Amino acid sequence: AQTVTQSQPEMSVQEAETVTLSCTYDTSESNYYLFWYKQPPSRQMILVIRQEAYKQQNATENRFSVNFQKAAKSFSLKISDSQLGDTAMYFCAFMKLSGGSNYKLTFGKGTLLTVNP
Amino acid sequence: ETGVTQSPTHLIKTRGQQVTLRCSSQSGHNTVSWYQQALGQGPQFIFQYYREEENGRGNFPPRFSGLQFPNYSSELNVNALELDDSALYLCASRPGGGITEAFFGQGTRLTVV
């Protein structure tokens, strides 16, 4: 079974600064995806960024980037130029790549990020 | 907007009752998953349906059941409600073709009293 650990229950950052959220995971699988999801007060989960485990290059989406360390099973999210709208709960999630169509996501407990003006 | 809608948004039920939660996915999304998110926790996988058949289940008892319909809507049914079933229930759908991104609804907040 896979586990995902987010060791920072809460973090805060000043607007326009950079913040890094940590995530570690445990799996015996070699092919998988990792995701960061954002859940604002509206409750709707929104995909921030994804990383395929077979890709060595770290994923980047505008102000969001990841530091993927496969051997260390670490997957951190860096948010640059933080904006007030980034305030939300952030979840790290793991998905095993299977031959069928089972797309089960395993989530961490989340990190509440507050961006202060 | 993800194109996935859930109803109702809030619901209060009494212990022992039964509840049905609904999810409407985008056209072409043939995979739907349901998650339970307790307060202060990450979502937990309940089960997944693919082309109207259950093809994956998490550690939830049989009183949690589901249905998926040809019109890309789905239901989560919970029988014999317990206080611990109080949570946010999220559905997530995916299109076919190996797309890995899940599109989530805004959830149904269920309170069992």
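Just so it is clear, the structure is predicted and the values come from calculations on it, not from any experiment. So you know, we letter chains A, B, ... as the sequences are listed, proteins then strands, and number each from 1.
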Please flag which part of [X] lies under 4.5 Å from any non-hydrogen atom of chain A: side chain, backbone, both or neither.
X: B:A92; value: neither
X: B:Q6; value: neither
X: B:Y35; value: side chain

Among B:G107, B:G105, B:P43, residue most engaged with chain A (heavy-atom pairs, under 4.5 Å)
B:P43
Options B:Q44, B:Q37, B:Q106, ranked by heavy-atom pairs under 4.5 Å with chain A, top entry:
B:Q106
Need one label for A:M95: side chain, backbone, both or neither, based on atoms under 4.5 Å from any heavy atom in chain B.
side chain
Honestly, the part of A:E52 sitting under 4.5 Å from a heavy atom of chain B is neither
Under 6.0 Å between ring centres: does that hold for B:F104 and A:Y37?
yes
Residue pair A:Y32 / A:Y25, side-chain donor-acceptor N/O under 3.5 Å:
yes
Hey, are B:Q41 and B:Q36 close enough side-chain-wise for a donor-acceptor pair under 3.5 Å?
no
Can you classify the ring geometry of B:F47 versus B:Y49 as parallel (below 30°), tilted (30 to 60°) or perpendicular (above 60°)?
perpendicular
Nearest 0.5 Å please: distance from the OG1 atom of A:T27 over to the NZ atom of A:K73.
6.5 Å
Heavy-atom check, side chain of A:D86 versus side chain of A:R63, under 4.5 Å:
yes
Quick one: which of A:Q44, A:M89, A:K109 has the most heavy-atom pairs under 4.5 Å with chain B, could you say?
A:Q44
